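Here's the structure we're looking at; comments come further down.
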Amino acid sequence: MEKQIKPNPVIRNLLMDILIFIGVLVSFSPSLTGQSLHEWIGLAFGLTLIIHMLLHWNWIAAVTRRFFKATTWRARINYLLGAALFIAFITIIFSGVMESETVLQTFGLTASRGFFWKMLHSASADVTLWLTALHIGLHGRWILNAVKKLFTRRPKVQPSETLAVVPVHIDEQ
Amino acid sequence: MRILYRVAILLLAIGLVCGGIVLISKTTGAAESIPTLGTDGQARLKPGADSSAPGNRPAGDLPQPPTSADGSTQTFEGRGRDGGRGEFGRGGMGWTEVLKNLGVLLLVTAGVTGVDKIISAVKMRAKSQATV
């Protein structure tokens, strides 16, 4: 029978977060990628955002249930920051789509040429950068522990090294 | 099945945020009231607006983009955050922007982590003093 290897959730989350971090840096620098690639990367970033939230769904659901009851202030702050980040990222993506040149054209639509969407896109990007930094900062300890875990090899337990159960007589005195 | 239910909730939340943005832009009239550039390079006003009002004075001709030595027109687009659209945006600016964003992220992260460590150390000390 083949042994099924289950991925470590901490390592899986860390790798996903590293991917998102790189995504943030790349999509926040349109002059690096060029406009059309910036638009597609931004749209794909929305998908990774959904995956990130699905991976942490249990935490989100638990804090939502206990927000006004028994929970720590740290969890509450994290939750509110996460909600603000969610709104900010959706604002960036939505305003970006509204003024996009490549993505909308692909679907046969014409972009709005209004200044409003450009301003909203730029302002929400600035706010999001600071919120992202705060979000990472509040998870700094978790990140450090996860990185340590990633680079620390867990010693394999050999069958011969397993502890044997030896019956011991305890004298009743 | 459970994952579909979760995705549906997320899509609903995304829809609510997008709907809220559209609603705000429509009720405040922000998307229409700001002059937009026409294809002729002239600043355009909202239809019916008083063009003689101080705030609504026509902007006149916008500065024309410089021309190259070969006579072709260069574009202003592509500077700063919106770089990459024109001839100026691509290249060196990209990495500077990445480094600037990385710097902001790392500095704020380090600051928050430091403050977090100080708070937990103070809490631990208070706890240990209380038990003594």
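Basis for what follows: all heavy atoms, side chains included, without hydrogens, waters or symmetry-related copies. Throughout, protein chains are lettered first and strands after them, A, B, ... in sequence-line order, and every chain is numbered starting at 1. Note that this is a predicted model, so its numbers are computed, not measured.
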* What part of A:L37 gets closer than 4.5 Å to chain B, counting heavy atoms only: side chain, backbone, both or neither? -> neither
* Asked: Got B:K100 and A:S29 here, is their nearest side-chain heavy-atom distance under 4.5 Å?
  -> no
* Asked: Among the clusters formed by ILVMFWY side chains lying less than 4.5 Å apart, do A:L15 and A:L55 turn up in the same one?
  -> yes
* Do the side chains of B:L10 and A:W57 get nearer than 4.5 Å, heavy atoms only? -> yes
* A:F89 portion near chain B, given a 4.5 angstrom heavy-atom threshold -> neither
* Option from A:L129, A:V24, A:T132, A:V26 for which side chain to side chain contact (heavy atoms under 4.5 Å, CB included) with B:N101 holds -> A:L129
* According to a 4.5 Å side-chain heavy-atom criterion applied to Ile, Leu, Val, Met, Phe, Trp and Tyr, with indirect links allowed, do A:I22 and B:V104 form part of one hydrophobic cluster? -> yes
* Structure fact -> The interface call for B:L107 against chain A, heavy-atom contacts under 4.5 Å, is neither
* Largest heavy-atom contact set with chain A, pairs under 4.5 Å, which of B:D116, B:T113, B:I3, B:V7 -> B:D116
* To do: Determine whether B:V112 and A:V147 fall in the same hydrophobic cluster, where Ile, Leu, Val, Met, Phe, Trp and Tyr are linked whenever their side-chain heavy atoms lie under 4.5 Å apart.
  => yes
* Would you call A:F28 and B:L102 a side-chain contact if the rule is heavy atoms closer than 4.5 Å? -> no
* What's the spacing between B:R2 CZ and A:L54 CG if we round to 0.5 Å? -> 11.5 Å
* To do: Below 4.5 Å from any heavy atom of chain A, which atoms of B:A110 appear? Answer side chain, backbone, both or neither.
  => neither
* Give a yes or no on whether A:L80 and A:F68 share a hydrophobic cluster (residues Ile, Leu, Val, Met, Phe, Trp, Tyr; joining criterion: side-chain heavy atoms under 4.5 Å apart). => yes
* Asked: Quick one: do A:L144 and A:V10 end up in the same hydrophobic cluster if we chain Ile, Leu, Val, Met, Phe, Trp and Tyr together by side-chain heavy atoms under 4.5 Å apart?
  -> no
* Structure fact -> Heavy-atom closest pair (B:T109 atom, A:I136 atom, distance to 0.1 Å) is CG2-CG2, 3.6 Å
* Asked: CH2 of A:W142: more than 12 outside heavy atoms within 6.0 angstrom?
  -> yes
* Let me know if B:V115 has heavy atoms under 4.5 Å from chain A in its side chain, its backbone, both or neither. => neither
* Asked: Heavy atoms, side chains only, cut-off 4.5 Å: are B:I14 and A:I93 in contact?
  -> no
